[in-house]
Amino acid sequence: MGARAHLPLLAAAALAAAGTLTVPAAAPAQAAACSGYVGLTFDDGPGSGTTTLLNSLKQYGLRATMFNEGQYAAANPALVRAQVSAGMWVGNHSYTHPHLTQQSQATVDSEISRTQQAIANAGGGTPRLFRPPYGETNATVKAVEAKYGLTEVLWQVDSQDWNNASTDAIVAAVGRLTNGQVILMHDWPANTRAAIPRIAQTLAAKGLCSGMISPQTGRAVAPG
């Protein structure tokens, strides 16, 4: 792309007319339209709905953080690789989704460490972000997170998709996001997958883009 950008104007025009030149103006225009970034997150995958979800996110130019359960990452390594190939980021959501605040430190350690390994083995890299199941955390959970270099990521907006929220309600929840905020969604609800086109439209109307979650702050920032 870089070399083609320096072609003489006439040659560039000819290539464009022939359909062989991808005009690079779209990327800067898209970047200029981002007045802020939000963190779209999907918990509990990967599973039967992951492929459809990823295809829709890609189609509408959205990126997200997928908080995978270790048991499902181990069972579906190809889907973890698909998440990465689709431009998503992969986080740790425990191995079996227990109430971690009711567990011993050894159990918490096992839940987190086995998921780190399962995701890495599946090709998802070594996660730097952790979302505790149910958003439940305490000093024990935080100590184990720190041991594995993980940043705890909760949310500012809950889509309620886990509670049978309608597609309209999920889209409305996304509409409440402001710069740097994170929304909780899930990999499995059909209504969430159905909401993706309108989520993209809603964010664009507000000048917001889907960003990555910073391991330093736990807030959404420009992808880097």
Side-chain angles (χ1 to χ4, degrees), residues 38-51 53-54 57 62-84 86-138 140-163 165 170 181-189 192-193 210-215 217-220:
V38 297
L40 305 179
T41 68
F42 297 90
D43 290 9
D44 296 350
S48 60
T50 300
T51 299
L53 175 62
L54 292 176
L57 289 169
L62 298 175
R63 300 179 73 182
T65 302
M66 320 302 285
F67 283 104
N68 288 340
E69 291 183 38
Q71 59 181 339
Y72 300 140
N76 302 286
L79 290 179
V80 177
R81 292 191 294 273
Q83 290 172 334
V84 175
M88 309 304 154
W89 299 277
V90 180
N92 183 324
H93 192 43
S94 82
Y95 203 85
T96 64
H97 207 277
H99 292 276
L100 291 180
T101 55
Q102 301 172 17
Q103 312 300 321
S104 67
Q105 182 157 340
T107 298
V108 174
D109 193 298
S110 175
E111 284 283 330
I112 290 177
S113 63
R114 285 190 297 155
T115 303
Q116 290 290 90
Q117 194 63 55
I119 290 172
N121 288 348
T126 300
R128 299 177 65 191
L129 305 175
F130 177 72
R131 170 164 287 160
Y134 312 103
E136 296 170 352
T137 188
N138 61 13
T140 300
V141 174
K142 290 178 184 296
V144 178
E145 291 167 354
K147 175 182 175 181
Y148 292 100
L150 290 162
T151 298
E152 185 176 277
V153 178
L154 299 179
W155 54 85
Q156 285 75 45
V157 178
D158 181 351
S159 72
Q160 291 281 316
D161 64 348
W162 54 272
N163 197 27
I170 294 165
Q181 290 191 329
V182 173
I183 184 169
L184 170 70
M185 294 181 284
H186 292 77
D187 179 277
W188 49 269
T192 303
R193 295 191 294 274
S210 54
M212 65 178 283
I213 297 174
S214 166
T217 66
R219 289 178 60 80

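Here the structure is a predicted model, which is why all the values come from computation and not from measurement.
- The nearest pair of heavy atoms linking Ser159 to Ala165 is O-CB, 3.5 Å.
- Partner of Phe130 under the side-chain contact (heavy atoms from CB on, under 4.5 Å) criterion, out of Thr151, Val153, Val141: Val141 alone.
- Leu100 is not listed as a side-chain neighbour of Glu136, based on a closest heavy-atom distance of 4.5 Å or more.
- Shown here are the salt bridge (Lys or Arg N to Asp or Glu O under 4.0 Å) partners of Glu69, two or more places apart in sequence or in another chain: there are none.
- Between Leu62 and Ser210, the shortest heavy-atom contact is CA-OG, 3.5 Å.
- You'll find the side chain of Tyr148 reaches within 4.5 Å of the side chain of Asp109, heavy atoms only.
- Gln105 contributes no side-chain N or O that, together with a main-chain N or O of Val144, makes up a donor-acceptor pair within less than 3.5 Å.
- Considering OH of Tyr72 and CG of Leu79, their distance stands at 13.0 Å, rounded to 0.5 Å.
- A distance of 9.0 Å separates CE of Met88 from CG of Leu40, quoted to the nearest 0.5 Å.
- For Asp158, the salt bridge (Lys or Arg N to Asp or Glu O under 4.0 Å) criterion is met by no residue, not counting sequence neighbours.
- Here the side chain of Arg63 pairs a donor or acceptor atom with the backbone of Gly87 at under 3.5 angstrom.
- Between Pro77 and Asn121 the shortest side-chain heavy-atom distance does not fall below 4.5 Å.
- Partner of Thr96 under the side-chain hydrogen bond (donor to acceptor under 3.5 Å, both in side chains) criterion, out of Gln71, Glu111, Arg114: Glu111 alone.
- Val90 has its side chain within reach of Val84: a pair of non-hydrogen atoms, C-beta onward, lies under 4.5 Å apart.
- Checked by atom type and distance alone, the side chain of Asn92 pairs as donor or acceptor with a backbone atom of Ser94 at under 3.5 Å.
- Ser110 places no side-chain N or O within 3.5 Å of a backbone atom of Ala106 that could act as its donor or acceptor partner.
- Sorted by first and then second residue, the salt bridge (Lys or Arg N to Asp or Glu O under 4.0 Å) pairs involving residues 39-48 (not counting sequence neighbours) are Asp43-Arg131.
- When all heavy atoms of Val182 and Gly218 are compared, the closest pair comes out as CG2-O, 4.0 Å.
- Side-chain atoms of Gln116 never come within 3.5 Å of backbone atoms of Thr126 as a donor-acceptor pair (strictly under, hydrogens ignored).
- One N or O on the side chain of Asp161 and one on the backbone of His186 form a donor-acceptor pair closer than 3.5 Å.
- Taking each heavy atom of Gln103 and Pro98 in turn, the nearest pair found is NE2-CB, 4.2 Å.
- For Glu152, the salt bridge (Lys or Arg N to Asp or Glu O under 4.0 Å) test picks out Lys142, with sequence neighbours left out.
- Applying the ring pair (Phe, Tyr, Trp, His ring centres under 6.0 Å) criterion to Tyr134, with sequence neighbours excluded, gives His97, His99.
- Taking Arg128 as the reference, nothing meets the salt bridge (Lys or Arg N to Asp or Glu O under 4.0 Å) condition, with sequence neighbours excluded.
- The distance from the CD atom of Gln181 to the CH2 atom of Trp155 is 14.0 Å, given to the nearest 0.5 Å.
- Atom OH of Tyr95 is surrounded by more than 12 heavy atoms from other residues, nucleotides or ligands within 6.0 Å.
- Checking Leu129, Leu154, Ile213, Asp187 one by one against Thr41, the side-chain contact (heavy atoms from CB on, under 4.5 Å) holds for a single residue, Ile213.
- Note that the CD1 atom of Ile112 and the CD atom of Gln117 stand 14.5 Å from one another [nearest 0.5 Å].
- For Met66 against Leu53, the heavy-atom pair with the smallest separation is CE-CD2, 3.8 Å.
- Taking all atoms of both residues into account, the shortest heavy-atom contact from Asn76 to Pro46 is ND2-O, 3.4 Å.
- When side chains are defined from C-beta on, Phe42 counts as touching Leu57, because their heavy atoms get closer than 4.5 Å.
- Separation of atoms CD1 (Ile170) and CE (Met185) is listed at 8.0 Å; rounding is to 0.5 Å.
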